*Asks:* 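My structure is below; once you've seen it, I'll send some questions.
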Amino acid sequence: QVQLVESGGGLVQAGGSLRLSCAASGRTFSSYAMGWFRQAPGKEREFVAAINRSGSTTYYSDSAKGRFTISRDNAKNTVYLQMNSLKPEDTAVYYCAGGAGYARPSEYDYWGQGTQVTVSS
C-alpha cells in the first residue's frame, strides 16, 4: 500500500510559478511510475505529466510541454511538478498518482487527495 500526499498548491498570478510536491509512504516508491493529473470543475481528470521509475524518462501533455517539469527523488520518496508561466486555464485540483502507466488514470493504482492550484488573470 502506498499513500500519497500532495502539497505546494495555492493562488498565483498568471505568469507565475508553483512547485508541487507529492510525498509517498512506504519503501516501494521507486517501483512505481508517477504521474500528475488535474481536474477542473465540471471537467474530466486530465493527464499533465508522468515520469518512469528511475526518473530517466518523462512525458507531458501538450498543454504542459515547455512550461512544466516533472522530477522525482527516489531517496526522498517524492515527486515534483515545477510549473512555470502559469495561465488561468491551469486552474484545477492537481493529483499525483503512482502505478504502472503514464497517461491514463486507469493505469494508476494510488492517488493523493489533491492540491488546489488557482491562477488569477
Side-chain angles (χ1 to χ4, degrees):
Q1 188 75 12
V2 176
Q3 290 186 323
L4 303 173
V5 179
E6 301 97 335
S7 61
L11 174 64
V12 64
Q13 289 187 332
S17 298
L18 281 175
R19 188 193 195 200
L20 305 184
S21 299
C22 174
S25 65
R27 296 176 292 177
T28 59
F29 177 73
S30 60
S31 299
Y32 299 99
M34 297 297 296
W36 285 97
F37 291 78
R38 68 187 183 187
Q39 188 166 18
K43 295 188 177 181
E44 293 186 352
R45 190 167 297 190
E46 65 171 354
F47 170 73
V48 176
I51 189 166
N52 69 345
R53 292 177 294 175
S54 68
S56 61
T57 304
T58 56
Y59 303 85
Y60 296 94
S61 66
D62 288 342
S63 62
K65 205 170 296 182
R67 299 188 300 128
F68 295 0
T69 302
I70 188 172
S71 61
R72 67 189 296 163
D73 186 336
N74 287 343
K76 295 183 178 179
N77 283 10
T78 303
V79 62
Y80 305 97
L81 184 68
Q82 177 68 43
M83 304 186 294
N84 299 328
S85 302
L86 283 162
K87 304 175 183 179
E89 50 264 45
D90 294 319
T91 295
V93 177
Y94 283 70
Y95 299 89
C96 73
Y102 295 102
R104 292 180 293 185
S106 60
E107 295 173 320
Y108 290 85
D109 301 307
Y110 305 104
W111 291 85
Q113 82 289 349
T115 186
Q116 176 70 46
V117 171
T118 303
V119 184
S120 63
S121 57

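Since this is a predicted model, take the numbers as computed values, not measurements.
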*Asks:* Working note: Thr69 + Tyr80, criterion side chain to side chain contact (heavy atoms under 4.5 Å, CB included); need CA distance, chi angles, decisive distance, verdict.
*Replies:* CA-CA 8 Å; Thr69 302; Tyr80 305 97; over 6 Å; no

*Asks:* Which atoms form the tightest heavy-atom contact between Pro88 and Ala14, and what is the distance?
*Replies:* CD-CB, 4.1 Å

*Asks:* Is there a donor-acceptor contact under 3.5 Å from the side chain of Thr28 to the main chain of Ser31?
*Replies:* no

*Asks:* Please find the pair of heavy atoms, one from Leu4 and one from Ala24, that lie closest to each other, and give the distance.
*Replies:* CD2-CB, 3.5 Å

*Asks:* Report the residues that fulfil ring-ring contact (aromatic ring centres under 6.0 Å, His included) with Tyr102, sequence neighbours left out, ordered by chain and then residue number.
*Replies:* Tyr59

*Asks:* Does the pair Val48 and Tyr60 meet the rule for a side chain to side chain contact (heavy atoms under 4.5 Å, CB included), with working shown?
*Replies:* CA-CA 6 Å; Val48 176; Tyr60 296 94; over 6 Å; no

*Asks:* Could you tell me which non-hydrogen atom of Gln116 sits nearest to which non-hydrogen atom of Ala92, and how far apart they are?
*Replies:* NE2-O, 3.5 Å

*Asks:* So, using side-chain hydrogen bond (donor to acceptor under 3.5 Å, both in side chains) as the criterion, who are the partners of Ser17 when residues are at least two apart?
*Replies:* Asn84

*Asks:* Answer yes or no: is there a donor N or O on one side and an acceptor on the other, between the side chain of Thr57 and the main chain of Asn52, under 3.5 Å?
*Replies:* no

*Asks:* Would you say CD of Gln3 has more than 12 non-hydrogen atoms from neighbouring residues, nucleotides or ligands within 6.0 angstrom?
*Replies:* no

*Asks:* Got Trp111 and Pro105 here, is their nearest side-chain heavy-atom distance under 4.5 Å?
*Replies:* yes

*Asks:* Mind checking the OG1-CG spacing from Thr115 to Leu81? Nearest 0.5 Å is all I need.
*Replies:* 11.0 Å

*Asks:* With rounding to the nearest 0.5 Å, note down the distance linking CZ in Arg104 to CZ in Phe47.
*Replies:* 11.5 Å

*Asks:* Is the Phe37 to Tyr108 ring centre distance short of 6.0 Å?
*Replies:* yes

*Asks:* Indicate, with yes or no, if Met34 and Phe68 share a hydrophobic cluster defined by side-chain heavy-atom contacts under 4.5 Å among Ile, Leu, Val, Met, Phe, Trp and Tyr.
*Replies:* yes

*Asks:* Could you go through Leu18 and Val117, starting from their C-alpha distance and side-chain angles, then the distance that decides it, and tell me whether this counts as side chain to side chain contact (heavy atoms under 4.5 Å, CB included)?
*Replies:* CA-CA 9 Å; Leu18 281 175; Val117 171; 3.9 Å; yes

*Asks:* I need the minimum non-hydrogen distance between Ser21 and Thr78, along with the two atoms involved.
*Replies:* CB-CG2, 4.3 Å

*Asks:* How close do Glu6 and Tyr94 get, counting heavy atoms only, and between which atoms?
*Replies:* OE2-O, 3.9 Å

*Asks:* Would Met83 and Val93 show up in the same hydrophobic cluster when neighbours are defined by side-chain heavy atoms closer than 4.5 Å?
*Replies:* no

*Asks:* Provide the closest heavy-atom pair for Trp36 versus Leu20 in the form atom of the first, atom of the second, distance.
*Replies:* CH2-CB, 3.7 Å

*Asks:* Evaluate the side chain to side chain contact (heavy atoms under 4.5 Å, CB included) criterion for residues Arg38 and Ser63: first the C-alpha distance (whole Å), next the side-chain angles of each, then the deciding distance (0.1 Å), finally the verdict.
*Replies:* CA-CA 12 Å; Arg38 68 187 183 187; Ser63 62; 3.4 Å; yes

*Asks:* Going by the salt bridge (charged side-chain N to carboxylate O under 4.0 Å, His left out) test, which pairs reach into residues 67-86, not counting sequence neighbours?
*Replies:* Arg67-Asp90

*Asks:* If you draw the axis of the six-membered ring of Tyr32, does the NZ or CZ of Arg53 fall within 45° of it and under 6.0 Å from the ring centre?
*Replies:* no

*Asks:* Does atom CZ of Arg45 have more than 12 heavy-atom neighbours from other groups under 6.0 Å away?
*Replies:* yes

